[in-house]
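Right, one structure below, let's go through it.
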Amino acid sequence: MKRIYMDNNATTAVRPEVIEAMLPFFHEHFGNPSSVHWAGRAVSGAVEKAREQVATLLNCSPAEIVFTSCGSEGDNMALIGSAEALKAKGDHIITTTVEHPAVLNTCEYLEKNGFRVTYLPVDRDGMLDLAELEAAITDKTILISVMWANNETGNIFPIAEIGEIARKHKVRFHTDAVQAVGKLPVDVQASKVDLLVISGHKIGAPKGVGAIYIRRGTRLIPLIHGGHQERNRRAGTHNVAGIVALGKACELAGAEIDENYAKLKRLRDRLEKGIIEKVGEVKLNGHPTERLPNTLNVSFAYIEGESLLLNFDMKGIAASSGSACTSGSLEPSHVMGAMCVEVSLAHSSTRFSLGHDNTEEDIDYVLEVLPPIVQRLREMSPLYNCKQDNCDNCDTVKML
Amino acid sequence: MYTDKVMDHFSNPRNVGEIDGADGVGEVGNASCGDIMKIFLKVENDVITDVKFKTFGCGAAIATSSMVTEMAMGKTLDEALELSNAAVAEALDGLPAQKMHCSNLAADALHEAIKDYKAKHP
Ligand SMILES: Cc1ncc(COP(=O)(O)O)c(C=O)c1O
């Protein structure tokens, strides 16, 4: 059976060039980079080279990069580390309702520990009102945390404008750029961010490695206490092979950014147009244009997301859904909820996220396989072609 | 995550559709997870002679709907009223724990349809 992977916002395959770069660091160069002897020296150079590769991609100095174990750790470090470092100054944090759980649940944790958090709403396209953001800032505000791009919809937030507002009010600014890096140019100088988080497995490096950019002079209390690694900012013996892989993946991302953007957008746009034309009664979730080039999130009216994903899976297509049934909770996606997507449409939201390996043939295949699946499920749905009078379901669902 | 039986009923659901001029119709929904199940019955001499379903929901919701129609077909109304959600799940060799509460409503929909029939045919 054909296997088509369109879930690259969940994770990506490790690039062959990246595997090649990291392999020597398991056996041949196995040393601890903190050791002074030959085995350590051989390896510390590789860690520093990776630091430069990451810094080059983000346009910062290598000393401003700290390696972490994942994107979630970076977000925890930025939020908790800032809250602890700045608690004498204030107790207020501003974020959005559509952040990844790595930010949202960390904010909830901080709320339980005496901090106050403002969760900014989004409009129906999933965008923020920057006037509202600015108005939320008080003299007790110590941190603004807004993701660069949303993992579910692909929406891109105006990070440079938010950076400008944060600077004007002298408030620290963190961005979760896990989904943006590799898909868009990400420049910490132009965007005026103070903290920025990335994760390896979204850009062709393995799971379990990430990095945080910490602007020089930004004080953070460490999350992990222990040895003196990472200049006392993050203890723990380095994941050398993972770090080398992250460096290589950043180098590739930088070299290919224009080409990659154009290719992903061309494929995504074809998929989007094809689905809308061939299926009908489809709702685009997210902003029509301010969106990552690889992400398409759509709801297919009258049908539920998990059934759709299972049917895709039977045809070898891997995608993901905002349905309650796939979230592990009984609620549909919080991002769909924040955008006021009507409930049955939220349950049907389906995300296709393209990646480096997708081809035109993949798009052809999905466009061929998808319409009959949707039609079959619609014919099974009590919401489709409902001829009853005064049907409660119809009032809301038939809006398309 | 799903048993082979669930996947069988999910990919080849039995008795999908509506019955024109059904003798009884039952609909149940779960507001939080969004599932909606609708059962249509044809009844002769207190025996279910035809049963069809339409469902909006996940794999478990579709499979339980399909299974309950198979189990109810040919039963008397009283026998059918004894079918429980748990029995439907068991006939499918079980459902994942988190689905037991949200998507396991098919017997409830069947009971609603029988109630509707009884109300219309006192
Ligand atoms: C926007 C965003 N932030 C954070 C994370 C967490 O990254 P990780 O899986 O490396 O912990 C993810 C990935 O799931 C993400 O999409």
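So you know, we letter chains A, B, ... as the sequences are listed, proteins then strands, and number each from 1.
The two residues B/K54 and A/Y384 come nearest to each other via the heavy atoms NZ-O, 4.4 Å.
In this structure, the separation between OG on B/S11 and CG on A/L310 is 9.0 Å, given to the nearest 0.5 Å. Summarising the geometry, atom CG belonging to B/D35 is positioned 8.0 Å from atom OG belonging to A/S307; distances are rounded to the nearest 0.5 Å.
Within the 4.5 angstrom heavy-atom criterion, only side-chain atoms of B/P13, from C-beta onward, approach chain A. Using a 4.5 Å cut-off between heavy atoms, B/S65 makes no contact with chain A at all.
Not a single ring-ring contact (aromatic ring centres under 6.0 Å, His included) links A/Y5 to another residue, sequence neighbours left out. For B/L77, the side chain to side chain contact (heavy atoms under 4.5 Å, CB included) test picks out B/V43, B/D46, B/I48, B/I114, B/Y117, B/K118, with sequence neighbours left out. The ring-ring contact (aromatic ring centres under 6.0 Å, His included) search around B/F10 returns none, not counting sequence neighbours.
No more than 12 heavy atoms of other residues, nucleotides or ligands sit less than 6.0 Å from atom NZ of A/K315. No more than 12 heavy atoms of other residues, nucleotides or ligands shown are found within 6.0 angstrom of CD on B/E90. Within 6.0 Å of NZ in A/K273 there are 12 or fewer heavy atoms belonging to other residues, nucleotides or ligands.
Remark: the backbone N or O of B/G59 is paired with a side-chain donor or acceptor of A/E306 at under 3.5 angstrom. Looking only at distances, no side-chain donor or acceptor of A/S381 sits under 3.5 Å from a matching main-chain atom of B/T55.
At a heavy-atom separation below 4.5 angstrom, chain B is approached by A/R376, A/L377 within residues 368-378 of chain A.
Inter-residue side-chain proximity for B/F56 and A/M380 is flagged as unmet; no heavy-atom pair is nearer than 4.5 Å.
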